[in-house]
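Single-structure report; data block below.
Side chains included, hydrogens not; waters and symmetry mates left out as well; all remaining heavy atoms used. Numbered from 1 within each chain, the chains take letters A, B, ... in sequence-line order. Just so it is clear, the structure is predicted and the values come from calculations on it, not from any experiment.
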Amino acid sequence: MSVRELDLKQEPPCTSGLGNYLWSDPPDEKKWADCVHCGMCLESCPTYEQTGQEQHSPRGRVHLIKSVAEGKLQVNEQFMDPVFQCLDCRACTTACPADVDVGGLIEEARGQIRQAMPLTGVKGAISKFFLHDLFPHQNRLNTLGGLLKFYQKSGMQKAVRKTKLINIMPKHLVDMESIMPEVKEPVKKKYQDVKVIKAKGETKQEVAMLTGCVMDVMFSDINESTINVLTRNGNDVVIPQSQTCCGALHVHAGDRDMGRKLAKQNMEAFKDFDKVIVNAAGCGCMMKEYAELFKEDPELHAKAEEFSEKVEDISKFLHDTGYEKPKAEMNTRITYHDACHLAHGQGIRQQPRDILLDIPGVDMVHMPNSDRCCGSAGIYNITNPEMANAVLESKMENVPDDVEMISMGNPGCMLQMAMGVQKYGRNQKIVHTVQLLDWAYQKEDGVKEGKE
Amino acid sequence: MIAAESLNELKTNLREDQISKNEDSSPFGNSGDMVVFPETEEEIAAVLKHADSNGLTINIIGGGTKRGFGGLIEKTDILLSLEKYTGIVEHTPGDMTLTVKAGTRFKDLQDYLAQHNQKISLDPYWQENATIGGIIAVNESGPKRLGYGSARDAVIGLRTVYPDGKVIRSGGRVVKNVAGYDMNKLFIGAMGTLGVISEITLKLRPIPKCESLVLVSFPKGNLEGIKAFAVKVLDSMIEPVSLELLNPALSVKLAGINAYTIAMSFEDVESSVRYQEEFVSNMLPDDAKLLISPKEKADLFWHRFYRHIPNGLDGELPIQTEASIKIGTVNLEAVNVLNETELLQDQFNVEIESHGGLGHGLSQVTIRGAESDVANAAAQVRQIAEKAGGYAIVKHLPLKLRKKVEVWGNKPSYFFLLQGIKTKVDPNKTLNPNRFIGGI
Amino acid sequence: MRTKDRIKSQDKHILNLAEIVGGTRSILYQKEDLVAYDCDGFTIHKHLPKAVVFPKNTQEVAEIVKYCSENNLPFLARGAGTGLSGGAIPLNGEIIISMVRMKKLISVDLENRRAVVEPGFVNLKLTNSISDKGYYYAPDPSSQYCCTIGGNVAENAGGAHCLKYGVTTNHILGLEVVMPNGEIVEIGKDGIPDAPGYDLLGLITGSEGTLGIVTKITVRVLKNPEGKQTVLAYFDRVEDGSQAVSDIISAGIVPAALEMMDKTAIEGVEAAAFPVGHPKDIEAVLLIEVDGIAAGIEEQIDQILEVCRKRNVREVRAAGSEEERARWWANRKTGFGAMGAISPDYLVQDGVIPRSKLPDVLSRINQISSESGLRIANIFHAGDGNLHPLVLFDARIPGESEKALEAGSQCLKVCADVGGTITGEHGVGIEKREEMRFVFTEEEIAAQTDIREVFNPHNLLNAGKLFPSPGRCAEVKKEMKAQAIS
């Protein structure tokens, strides 16, 4: 990008700027005012654990973000580094005695950086491809999914692996390729002509469901499980076809404009429903924070707040509205990984554990530091592979040896953990919490049918 | 020899009866040509300032029990006795702190505090004679250090008179204090080589409501068994205040049991003490014997214990030469140290009484016998200690032998720091010259 | 984690230091990175360091120190940077030697009740590593979740449970230290007590990083007490509460912890993240914990209840469950942060007073509060007399920060005047340098700087901390002399 273009981007400097933040929607002063620099966040931060460096710690980042506002630092590449190394795992928010919203600050700062220095080169191309050309477009994702499916089914996957053709891919993409879940038909597509998927038995209420972009392509069976579990427990399920990607990845990457666009579309798509059920922690967390994107537009801000109230993670929803305890024995030893955006982002820790423990024969083994980030963090494992791997390695050290499955509530984590299992020669299956519940129901039904 | 004019100058600050010529000589040395008995801190300061500016040297003495501890000089110019600098400065029972003048005898303090159900949580030797100043200056501790810590844990404030007469306060009268360097630590155990400790503030503890002594003896002397028992006690939930192993000779002397014996003191509310006694009896190894004594008998045992080592107060040497050595090792090494020193009895034809704290790693070996045998055995004890990775300090020995047997052992690698501190505080080497490690 | 492999600096010191620590990932020298190191938990003074280096082992620390010493570069050591008095702030543009990558637990020897750690090892991790065997490390500062044991040694950190178990210095058995000239010394070899010679272990612990840099620490570990119980008591008068504290202790009970909060502090904790439903109209709440042999605990609890009733307690009860106990403690332990709920800013002080002077001191603090127009909450380690007045203010109001600092200083003066001291566990650092004069004379301060000179003769290591700036005292003369010579 030429200097001229950069100048154009900066023109006109927004009046709502703050210190050296020259663009609209700058980091919110109130968010750092509560930080007393006590340091209680340090040990919760995966990047601080890896580097030991304060600029890669929550309070360090807050301090830097504040320093730009105070005019001590510029929005430049040096500033960008710590701000973009953040995994956005929100563990610091849990650790902070003063409830400083570090995650929110980071996202706002990223917005400023992206406006000051749009991405160029390979990183820019990758980012643009994923964020603009792929995730918001369900049909393209579906096509990609179709290709993947073809790739897997056709035997090409085998061939590629065998011929070592795969070795020409960058190392971390190779790792990812090897754990690609088997691709099935996306539920959004499958149910595109079904207005309401009716509850089995008596209907208690109607809920809308976010199918998610990646989720529905790569993990459509989890969406299937979610539908099964919801309908089994008296919920009519609606899948609004106008819904789109939640925008979390865009906001994490500093692309707040795109985030706003997607948010508006979703708010519109779900406006007629009282509950929006989400089975991806990252999406749920984002949708609960849409209001953050509209600080400068009171009307949309209020609308977003109202919307966020309706958004609920599947595990919390089941826990709060009640569910039938399965009767079939699953007989498996599992451990549970707290997805960051479930535990730290939404405070949901006990509900999924309770659900899992309600399944007969499930033996849950404690995972030390279970709420430590796995390194997935949206597309962080694609943009910052080195750090993501280091974080994954320390996560895998905590996975107990003698379990058969690792359960969790977020697709990004599932991919990353699957990669960890493969990379470190482990043999656990990676499952979503609702999947286990669904399987237990299915087994119960199977047993019943068998008996009858 | 102190000059007449010097004497006159001293007399301007002290009364005639506070100064006397010292004709006596002690077999333990550390004496002075003249003895002064200051009664106030100003007088202490005046004596020090006078000596320091006139090139005179000073030995400091309290109760005299540690006269045989370090020092290579028979007499300095002045012997500064704190015998008359006594009394309680302040005791606030609600704060559980006590400020006291250094010359006050330990037992007098404990007797006074007992009226308030309080105590100083140190258990030094010769409590009737030893002064609190002397105990702090040598950092003396006993078996109950396991439960209550040592002088460095009990002292919260000091007033120390520097050689130039300045009074330096360190710490304070509160139990928690991090203002400035922890200078208290510097003076505790400094053997009086940096200044004269004049006032001491201690934190106190309540006298326990119930107390008992549990003796576990091992007639077969099976060392591994003793160690295993100690490990089991340490790893259990019980909280003995002492876990002191006595060699058979000492055990006979104190309790009439001719075997290695572990002395455990339990001090707490009654239900807890009874529970712990029971706990020990349930975990007793097959080859061990148990004796539980109530407080009165326990008191008698400890009374004997604190008097079993030689006392530098004696004016004349006993027929047998006596040495007492403090050994520091890793906690459980004390078992091996005690065992190896037992062998010296035959090797050097000496008698040995020894005890070692299995929870704090400090042992003490007392050797009695012919002069040269004792000297040789003492040297051997140091080798045993060093082989075990620890150190040995000769706590008591007649002056004559101190010149032969190195009291402090080798200088540590960081000796330059010790020397540097001494040079800063006492550049003229006025106080207790050559009393401490490396000739400090 | 940057992957640049070249140092973008022309400064030869930066290049040389980078060489010592082995490259770009172990040194920070660009402003944007250094800003994160311009202060620690004390944020009123800020200064940029020249660089931050991250040594991996003692040898590297020694080489860095030697290099700094030979090139007359000021330097200091930093742990997690959670200190509350500014001890790790690079006032003179120091080279910061960050110890956080030296974070190994080197060995644990439970039979001899000790463990050896590197200085960057986090306090709570030690307890976590040995708790399955029934052991713990006693000093428990509120920041124990993230503060390093090296930093604890420098500051002689305390905690809620130091009434019975003592502060850091009571648990340090041995240290490996890099002296300001780069020499490595080992004090208290293998953690054996009472090493012959002056007690350098005791002197270095709490020296706020001005005597040397600790690179290895042998600590004492303790067996978990068998039982534990906590009592909560509400008082309508502060005098009754404080008298109950004295009575409990005089009754021969040594509680593991004995905490008090006053009315304003209660308002804060009840408005924050962990309310437990303390009544709004009481003047003092006491939290009393006893631990030890389980068989003896009930007896002590009964006695505590009785003592409180004698002192007109409004309500007193023992925790009904472990969960209730934990809630009471969470409410208390987050007390400082909780002030954020009732005030935009607060300043915490750290005076210590003789317990018996509490009612007097509180009324004088009330007076300071009304004179300054600022509210002051009091959180008090009542057992050991360590008082934390929290001065509540709003930094956005011009002049109010200064007023708060002044009020804080006055509180310390009150503590010193009743025979107490200016800091019980936070250290002097930058914050309380001048207040050192409340408790020490010029001569006494000089006696301490004399000791510093033995260890740190050129004062390159963490200069400007702990002692008042040279005023009328001997240091001025000395400095003038030094200037005259040079």
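Annotation: C:Glu298, atom CD; neighbour count of heavy atoms from other residues, nucleotides and ligands within 6.0 Å does not exceed 12.
Of the two parts of C:Leu466, only the side chain, counted from C-beta on, holds a non-hydrogen atom closer than 4.5 Å to a non-hydrogen atom of chain B. When heavy atoms are compared at a cutoff of 4.5 Å, C:Leu201 approaches chain B by way of both its backbone and its side chain. Of the two parts of C:Asn224, only the backbone, made up of N, CA, C and O, holds a non-hydrogen atom closer than 4.5 Å to a non-hydrogen atom of chain B. The part of C:Ser250 that comes within reach of chain B is its side chain, from C-beta onward, which places non-hydrogen atoms under 4.5 angstrom from that chain. When heavy atoms are compared at a cutoff of 4.5 Å, C:Val352 approaches chain B by way of both its backbone and its side chain.
A salt bridge links B:Lys326 to C:Asp194: one of the charged nitrogens lies within less than 4.0 Å of a carboxylate oxygen. Using a 4.0 Å cut-off between charged side-chain N and carboxylate O, C:Glu443 and B:Lys166 make no salt bridge. Contact check on C:Asp384 versus B:Lys203 returns no salt bridge, with no Lys/Arg side-chain nitrogen under 4.0 Å from an Asp/Glu carboxylate oxygen.
Top candidate by heavy-atom pairs under 4.5 Å with chain B, chosen from C:Glu226, C:Glu208, C:Arg220, is C:Glu226. Residue with the most contacts toward chain C among B:Leu362, B:Asn117, B:Leu358: B:Leu362 (heavy-atom pairs, distance under 4.5 Å).
A side-chain donor-acceptor contact under 3.5 Å links B:Asp95 to the backbone of C:Arg355.
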